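Since the structure comes first, as structure tokens, the remarks are kept for the end.
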Protein chains: 2
Amino acid sequence: MAITIKDIAKKAQVSRTTVSRVLNDSGYVKEETRKKVMDVIKELNYTPSAIARSLSTSKTNTIGIIVPEINNPFFGEIIKGISQIADENNLNIILCNTDDKRDKELKALKLLKEQRIEGIIITPTYAEDHFSSEYLNTLEHIGIPIILLDGYVKYSEFSGIFIDHIKGAYDATRALINAGHKKIAIINGKQNYTITKDRFKGYVKALNENNIIIEDKYVFYGDFDYESSYEITKKILSMEDRPSAIFVTSNMMILGTIKALYEQNINIPKDMAIIGFDKLDLVNILGMNISSVNGPTIEMGKAGMKMLIDKLNNVSQNDEIKRRIIVPELVLKGSEKFIP
Amino acid sequence: MAITIKDIAKKAQVSRTTVSRVLNDSGYVKEETRKKVMDVIKELNYTPSAIARSLSTSKTNTIGIIVPEINNPFFGEIIKGISQIADENNLNIILCNTDDKRDKELKALKLLKEQRIEGIIITPTYAEDHFSSEYLNTLEHIGIPIILLDGYVKYSEFSGIFIDHIKGAYDATRALINAGHKKIAIINGKQNYTITKDRFKGYVKALNENNIIIEDKYVFYGDFDYESSYEITKKILSMEDRPSAIFVTSNMMILGTIKALYEQNINIPKDMAIIGFDKLDLVNILGMNISSVNGPTIEMGKAGMKMLIDKLNNVSQNDEIKRRIIVPELVLKGSEKFIP
DNA sequence: CTGAAAGCGCTAACAC
DNA sequence: GTGTTAGCGCTTTCAG
């Protein structure tokens, strides 16, 4: 790593400025000189230091991504979308994984600020629980453009791409109603999460509009993981007055539901109709044909990155808040049918 | 971003050196002075520049990760493992996604070198096809510690964590033989890939050891994707002298096989036994109980990161090549049984 | 315990 | 077309 622009300059018998010029294609350099410099660069296997350049230009060409669970395909796809657009714009990515913990989010935010990155795309953890004042303070005074992806941060206003969970849940529930169902259960996520509340609102709205009474006994809360909905589904199956359909609000949870149904030889949708939330690629690859409302993932990443780039290019009205709300797409595959 | 160590120094009426000292807990600072400096830092909401620090110390505390497909859960888990250990050691991560393309790998390598990162963990694309001389040249002369994860790079020798694909395939095949199968088909990946060849070797070895003749008609090549094995499986099912078991060598491909089997109401394992390669979490969540040999993912990431850290700490014998080979774990769930 | 000064590798006016 | 010079923001001897 010892070799610098100085070494190149000396060996090529020019000034550092000239080397810099050929490196950046800026200003005028005689073709002959350029060639000489290039040769030395090749010969010495020189790679310029982005660090030094960043310090000098105050530009890092780097953005930060903060996600709760890098191993969840949902976020994997988001990152893929982001990285595609970042690539096209020659932006590097610093990745921070938070294990769904608010304090690690805070740490990541600080780290990214130290790195003097140009902007941040964050998919915050959904937990609505714990906003320390330090967290909010950091977020608000960070002085770096931030784009929220499918997030919700209390007390604060940020630009971002949001999913309309209410509408998604509404569409899913209505699909079941339209198919003829009247007894519709919901297996929702953790009760104190915003997305959980939003999805419940959509469910309620659809039922209300169709004059179906919301029965408490049909409302269940899991923890987003499949075991919880596996147990809940078994419980549902053993109910006296059991529903004819279940709306399961997360991609992991619907797996548990399917498992419980298969185990007891319950035919989908004949004996029990179901509809899910979020993409179920793997399940459908297996040929199961489960209906769902799908939040776009790769597209969300792309849209977020584009919004960030826009922000970076319009430093003037930097403080304007932009929000784009994406309504999940309803994809019907037959699992929602009512077959009396 | 205007505010620097100088501003802090001025306002706190000390020298930059002193500010630096309290920032880094280095050297002696009178408690009183420290407090004064800290207060100003808080007041001005100052965050030191990692860029400037890096330039000054020649340390970036950053490593690079290069993966072919960030949206594939396999790599998501690897990254999770890496990021866990990186976190514990206060190392940042720059992420590069290559879309399984060798030229993007090259680009990523150069970029990371410019960023003066401390080390690189790379999971190269498996394609054995195209190694430009520039690629190999860059790789060999990059002057940064590199750890290979489950990779194979022709002509070159690197430290890394490797999966014993031969042994894995051997174990899988033998599990079928031990269960009583004699007619065993294999649905393998792309024919020119190293992992494909290795897995075939393991298959052959197990059959040979048990005096079972390798029948060409039972050997199939897909493209790692599920459609290919879906079609191949349908073909297998329609064979005159059809096998009683199939070894499917990738996590995506076995989904296609399962789909074909389900569609035709072929009971697993009664009418057709199967065994896969790589984890099948989602499938097993559904309660399908498919046997497989599992390459560890999170563990691989962790092991790779630890190996890299070791390397960084022993700059002296930096050139020593370390290889750790992990044998995939055989997990039997019943889908391999022979039920005549 | 604290400060002055040099330097990390590069860019960007400004001269020539 | 090319070189000189002064930083970018921080750390680090070396003095005191």
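Source: prediction; values computed, not measured.
- Considering only side-chain N and O atoms, B/Ser15 lies nowhere under 4.0 angstrom from the phosphate OP1 or OP2 of C/dT2.
- In this structure, the side-chain hydrogen bond (donor to acceptor under 3.5 Å, both in side chains) partners of B/Arg34, at least two apart in sequence or on a different chain, are B/Asp25.
- Of the possible donor and acceptor atoms, none in the side chain of A/Ser56 sits under 3.5 Å from a partner among the backbone N and O of A/Ala52.
- Side chain of B/Glu105 to main chain of B/Thr125: a donor-acceptor pair is present (N/O by atom type, distance under 3.5 Å, no hydrogens or angles).
- Rounded to whole Å, atom C1' of C/dT11 lies 14 Å from atom CG of A/Asn61.
- When rounded to the nearest whole Å, the span between CG of B/Asp7 and P of D/dG9 equals 9 Å.
- Spacing between atom NZ of A/Lys6 and atom P of C/dT11 amounts to 15 Å, rounded to whole angstrom units.
- When the P atom of C/dT11 is taken as reference, atom CD of B/Glu114 falls 10 Å away, rounded to whole Å.
- Here C/dG9 presents its C1' atom at 15 Å from NZ of B/Lys113, a figure rounded to the nearest Å.
- The stretch residues 8-22 of chain A participates, sequence neighbours left out, in these salt bridge (charged side-chain N to carboxylate O under 4.0 Å, His left out) pairs: A/Lys11-A/Glu43.
- Using a 4.0 Å cut-off on heavy atoms, the residues of residues 30-59 of chain B that approach DNA chain C are B/Lys30, B/Thr33, B/Leu55, B/Ser56, listed by number.
- Taking five base pairs at each end of the helix from C/dC1-D/dG16 to C/dC16-D/dG1, the local helix axes there meet at an angle of 40°, rounded to 10°.
- Side-chain contact of B/Thr47 with A/Lys110: a donor-acceptor pair under 3.5 Å is absent, judged by distance alone.
- Between the side chains of B/Glu118 and B/Thr60, at least one donor-acceptor pair of N or O atoms lies under 3.5 Å.
- A/Asn89 places no side-chain N or O within donor-acceptor distance of the main-chain N or O of A/Leu91, the cut-off being under 3.5 Å.
- Rounding to whole angstrom units, CD1 of residue B/Ile5 and P of C/dA4 are separated by 14 Å.
- Of the side-chain N and O atoms in A/Thr17, none sit less than 4.0 angstrom from OP1 or OP2 of D/dT2.
- Evaluation of atom-type donor-acceptor distances gives no pair under 3.5 Å for the side chain of A/Arg116 against the base of D/dG9.
- For A/Ser58, the side chain to side chain contact (heavy atoms under 4.5 Å, CB included) criterion is met by no residue, not counting sequence neighbours.
- In this structure, the side chain to side chain contact (heavy atoms under 4.5 Å, CB included) partners of B/Asp39, at least two apart in sequence or on a different chain, are B/Lys35.
- Here A/Val14 lies in heavy-atom contact (under 4.0 Å) with sugar-phosphate atoms only.
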